[in-house]
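Position 1 is the first residue of the sequence, and the numbers go up from there. Remember, it's a predicted structure, so these values are computed and weren't measured experimentally.
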Amino acid sequence: MTPAPMSDHSPIIHAIFGRLTLESLPLNEPIVVGTFIVVALGGLALLGAITYFKLWGYLWREWFTSVDHKRIGIMYMVLGIIMLLRGFSDAIMMRLQQSIAFGGSQGYLDSHHYDQIFTAHGVIMIFFVAMPLVTGLMNFIVPLQIGARDVSFPFLNNFSFWMTAAGAVIVMMSLFIGEFARTGWLAYPPLSNIGYSPDVGVDYYIWALQVAGVGTLLSGVNLICTIVKMRAPGMTMMKMPIFTWTALCTNILIVAAFPVLTAVLALLSLDRYIGTNFFTNDFGGNPMMYVNLIWIWGHPEVYILILPVFGIFSEVTATFSRKRLFGYTSMVYATVVITVLSYLVWLHHFFTMGSGASVNSFFGITTMIISIPTGAKMFNWLFTMYRGRIRFELPMMWTLAFMLTFVIGGMTGVLLAVPPADFVLHNSLFLVAHFHNVIIGGVLFGLFAGISYWFPKAFGFKLDPFWGKMSFWFWVVGFYFAFMPLYVLGLMGVTRRLRVFDDPALQIWFVIAAFGAVLIALGILFFLIQIGVSIRRRESLRDTTGDPWDGRTLEWATSSPPPDYNFAFTPVVHDNDAWWDMKNRGYRRPESDFKAILMPRNTGTGVILAGFSIALAFGLIWYIWWLAAMSFAGLLAVAIGHTFNYARDFRIPAETILATETARTRLLAAEATR
């Protein structure tokens, strides 16, 4: 809702609260009020439990202030799963609305609320579900795979996570204070200009993405430096695991693309705050420039999400086929080619906007070309499985489901790359089906494969297979029920983002799609049950070897979970399947002559900086200028103060390392005698 104007006789109130008023609280929205009550009660219960069990000190010391890449990776994953619940609740609301809004019925959501929901759904799922889950896996796995003790800049890693979490907090605040954008997840002008969106929704959008974008960009810099400079001796570029290669290319894309997002949102902010005209049709501005810039970031973003997942599938396929990955070199080159080509296809997102036949032809051809290295990867995985001894464990099941589903999504993408076809299908539900086909069938299936594959490495016990398979089948079947009808509706000409429909013949397709969403909801529920059951049964699911899947890469050479220092001695690499090679050569773990290891010390600076960033964003959103100024001053003071902190390291004594490694030796010996 638009905040109520301040009365003329309240300049002091206006100076204190800006445009924040009691009317800014959506008390007349029963759905929002109900959600707030549920969230508030859940939050109070959680805070009460943490206080009752006296966990605040533990959480602060061991998690919130941690600079250990493994713990930061886990926190990213937890953030992504929490935000998945919020983003999926928006999806369920949309599907329910569209399935009942026929025959004159307006459904249960008014247009104002519905527009916020589909915008928030897209923003949350891309920025605060997919990105944290992908970044979390890269954070946890990459240093272990390259034989490093941590990332290049441990404090920066902590700061990056908390800035991402701060962006998620800003989005969540919009649910209860004010409103979110009603523009779609990319906030095209003129809808996002001050004339069409004078309320705070677009400002919430801008500052949530700006704050989270800082975290993502710095994480990208950190991981590139880690991969380039901290590999174990003998690990040349062409001996890196494929997951590490895909992580490197992903983070190069992040560093190249996210500054564009920062710049375009900064220009949009200037349009809204001080009346510049970069993206208006007046005074020399051009809304099409926004569309160009946002997609110069947006299309590489799709590959930022999918490339690490290709790495996950490569690791899983090789491990569960008990074979070396087929065509390692071609896999590396395909990854690099995709990275480069992802910058040459952005305009296919707006073929219909009058760029001309020559421009459309160029981008149509480059879009088809980028499908070639992606198809090559698919054949590499198939040939890896060929004549392999395949074990149908849960990670492999997700991989097979991906291969079938992603091929369908890829083929529909090639169809949309043909400009004449795109003129018919653009902005239809066919496009929505294609995008979800790729992101769910590719990214999300891959993330679930990665979670089930590396979970025992992170926590020391496997995930319960029964509930994992229940979640798998409900997710996969639910996906097909939810999105195949949208292909049909798109071919029938149904436009996306509609709230009500006139043609009753369409309703059955929306009902089927809503049924699919319910199945996916059960898949998510079973995933949460799987985690709970696994924790309860952790002793029977315990992994004492550190290598529960008979893995091939270096992360499986450590204990589960790995010690703080990862490796007591830095391993020497002779093959791109380093751990498999070490096992075949009869590698024996060192059991003596340990030396003290220098490790980075925990710090609370990242949490404090993120807190100030939230306050700064809130002040800028609501025009509370004193809060914005004080928060900015606080940011500078804490950042400068941190530069004078010279006590950033501590030594793990050789005795501690000896005790840790001796305990693991006993575990391995006991396992060998079973």
Show the atom names and distances, to 0.1 Å, of all donor-acceptor pairs under 3.5 Å that link a side chain in residues 392-401 to residues at least two apart or in another chain.
| residue | atom | partner | partner atom | Å |
| --- | --- | --- | --- | --- |
| T399 | OG1 | P395 | O | 2.9 |

Check residues 407-417 and write down every donor-acceptor pair under 3.5 Å in which the side-chain atom is one partner and the other belongs to a residue at least two apart or another chain.
| residue | atom | partner | partner atom | Å |
| --- | --- | --- | --- | --- |
| T412 | OG1 | I408 | O | 3.3 |
| T412 | OG1 | G409 | O | 2.8 |
| T412 | OG1 | H434 | ND1 | 3.1 |
| T412 | OG1 | Y487 | OH | 3.2 |

Show every donor-acceptor pair shorter than 3.5 Å between a side-chain atom in residues 468-483 and any protein atom, with sequence neighbours excluded, or say none if there are none.
| residue | atom | partner | partner atom | Å |
| --- | --- | --- | --- | --- |
| S471 | OG | G523 | O | 2.8 |
| Y480 | OH | T405 | OG1 | 2.9 |

Side-chain donor-acceptor pairs under 3.5 Å in residues 204-213, sequence neighbours left out?
| residue | atom | partner | partner atom | Å |
| --- | --- | --- | --- | --- |
| Y204 | OH | I177 | O | 2.8 |
| Y204 | OH | W622 | NE1 | 3.2 |
| Y205 | OH | W185 | O | 2.8 |
| W207 | NE1 | Y273 | OH | 3.0 |
| Q210 | NE2 | T262 | O | 3.2 |

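Formation of a donor-acceptor pair under 3.5 Å by the T276 side chain with backbone atoms of L270 is found in this model. The closest donor-acceptor contact from the side chain of N437 to the backbone of A433 lies at 3.5 Å or more, if one exists at all. Using a distance-only test at 3.5 Å, with no hydrogens or angles considered, a donor-acceptor pair links the side chain of N380 to the main chain of G327. Using a distance-only test at 3.5 Å, with no hydrogens or angles considered, no donor-acceptor pair links the side chain of R496 to the main chain of G490. Put simply, the side chain of W245 gets close to the backbone of M237: a donor and an acceptor are under 3.5 Å apart. With hydrogens and angles disregarded, a donor-acceptor distance shorter than 3.5 Å links the side chain of S361 to the backbone of A357. Under a 3.5 Å cut-off, the side chain of S321 and the backbone N or O of A318 do not form any donor-acceptor pair. Listed for the D271 side chain is a donor-acceptor partner under 3.5 Å among the backbone atoms of F279. Formation of a donor-acceptor pair under 3.5 Å by the R499 side chain with backbone atoms of L109 is found in this model. Proximity of a side-chain donor or acceptor of K323 to a complementary backbone N or O of I390 within less than 3.5 Å is not detected.
In this structure, CD1 on I451 lies 8.0 Å from CG on L444, to the nearest 0.5 angstrom. Remark: M240 CE to M238 CE distance equals 9.0 Å, nearest 0.5 Å. In this structure, CG in L307 is found 4.5 Å from OG1 in T250, a value given to the nearest 0.5 Å. Considering CZ of R497 and CE of M94, their distance stands at 10.0 Å, rounded to 0.5 Å. Here the CG atom belonging to L293 is positioned 10.0 Å from the CG atom belonging to L265, to the nearest 0.5 angstrom. Separating the CG atom in D422 from the CG atom in N427 is a distance of 10.0 Å, to the nearest 0.5 Å.
Contact of the Q97 side chain with the H113 side chain is not registered, since no non-hydrogen atoms from C-beta on lie closer than 4.5 Å. Looking only at side-chain heavy atoms (C-beta outward), H426 and F351 stay at 4.5 Å or farther from each other. Within the 4.5 Å cutoff, the side chain of L267 has no heavy atoms near those of the V264 side chain. Proximity of V134 to I304: side-chain heavy atoms (C-beta onward) are nowhere separated by under 4.5 Å. For the pair E315 and I141, the minimum side-chain heavy-atom distance is 4.5 Å or more. Using a 4.5 Å heavy-atom cutoff, the side chains of I254 and E301 are not in contact. When side chains are defined from C-beta on, N360 counts as touching L347, because their heavy atoms get closer than 4.5 Å. Side-chain contact between V309 and F313: present, with at least one pair of heavy atoms (C-beta onward) separated by less than 4.5 Å.
More than 12 heavy atoms of other shown residues, nucleotides or ligands fall within 6.0 angstrom of atom CZ in F423. The environment of CG in D502 is sparse: at most 12 heavy-atom neighbours from other residues, nucleotides or ligands sit within 6.0 Å. Within a 6.0 Å radius of CZ in F379, other residues, nucleotides and ligands contribute 12 heavy atoms or fewer. The environment of CH2 in W295 is crowded: more than 12 heavy-atom neighbours from other residues, nucleotides or ligands sit within 6.0 Å. Other residues, nucleotides and ligands place no more than 12 heavy atoms under 6.0 Å from the CE atom of M289.
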Would you sort out whether R182 and L191 count as a side chain to side chain contact (heavy atoms under 4.5 Å, CB included), showing the intermediate values? CA-CA 8 Å; R182 292 173 284 112; L191 283 176; over 6 Å; no

Evaluation steps, side chain to side chain contact (heavy atoms under 4.5 Å, CB included), between L253 and Y343: CA-CA 9 Å; L253 280 177; Y343 259 99; 3.7 Å; yes

Go through the steps for F527 and F448 under the test ring pair (Phe, Tyr, Trp, His ring centres under 6.0 Å), then give the verdict. CA-CA 9 Å; F527 171 69; F448 282 127; 5.2 Å; yes

Steps toward side chain to side chain contact (heavy atoms under 4.5 Å, CB included) verdict (V332, I242): CA-CA 7 Å; V332 170; I242 288 294; 3.8 Å; yes

Determine whether L305 and I126 satisfy the following criterion, side chain to side chain contact (heavy atoms under 4.5 Å, CB included), listing intermediate values before the conclusion. CA-CA 9 Å; L305 297 177; I126 295 296; 4.1 Å; yes

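The two residues A130 and V443 make their nearest non-hydrogen contact at CB-CG1, 4.4 Å. Minimum interatomic distance between A257 and P300 (heavy atoms only, all atoms of both residues): CB-CB, 4.1 Å. Contact detail for N251 and G220: the closest heavy-atom pair is OD1-CA, 3.2 Å. Annotation for Q507 and I100: closest pair NE2-CA, 4.2 Å, computed over non-hydrogen atoms. Of all heavy-atom pairs spanning V432 and H436, the tightest one is O-ND1, 2.8 Å. In plain terms, the two heavy atoms of Y290 and P189 that are nearest each other are CD2-CD, 3.1 Å.
Only one option out of W381, F445, F243 pairs with F310 in a ring-ring contact (aromatic ring centres under 6.0 Å, His included); it is W381. Just one of I81, T164, L137 meets the side chain to side chain contact (heavy atoms under 4.5 Å, CB included) condition when paired with Y76; it is T164.
Residues satisfying the ring-ring contact (aromatic ring centres under 6.0 Å, His included) criterion with F510, sequence neighbours excluded, are F102, F501. Looking at residues two or more places apart in sequence or on another chain, you find no side-chain hydrogen bond (donor to acceptor under 3.5 Å, both in side chains) involving D115.
Checking T280 against N193 by side-chain atom types alone, no donor-acceptor pair falls below 3.5 Å. Between Y453 and T319, the side chains place a donor N or O and an acceptor N or O closer than 3.5 Å (distance only, hydrogens not considered).
Note: Y303 and H299 have tilted aromatic rings, judged against thresholds of 30 and 60 degrees for the angle between ring planes.
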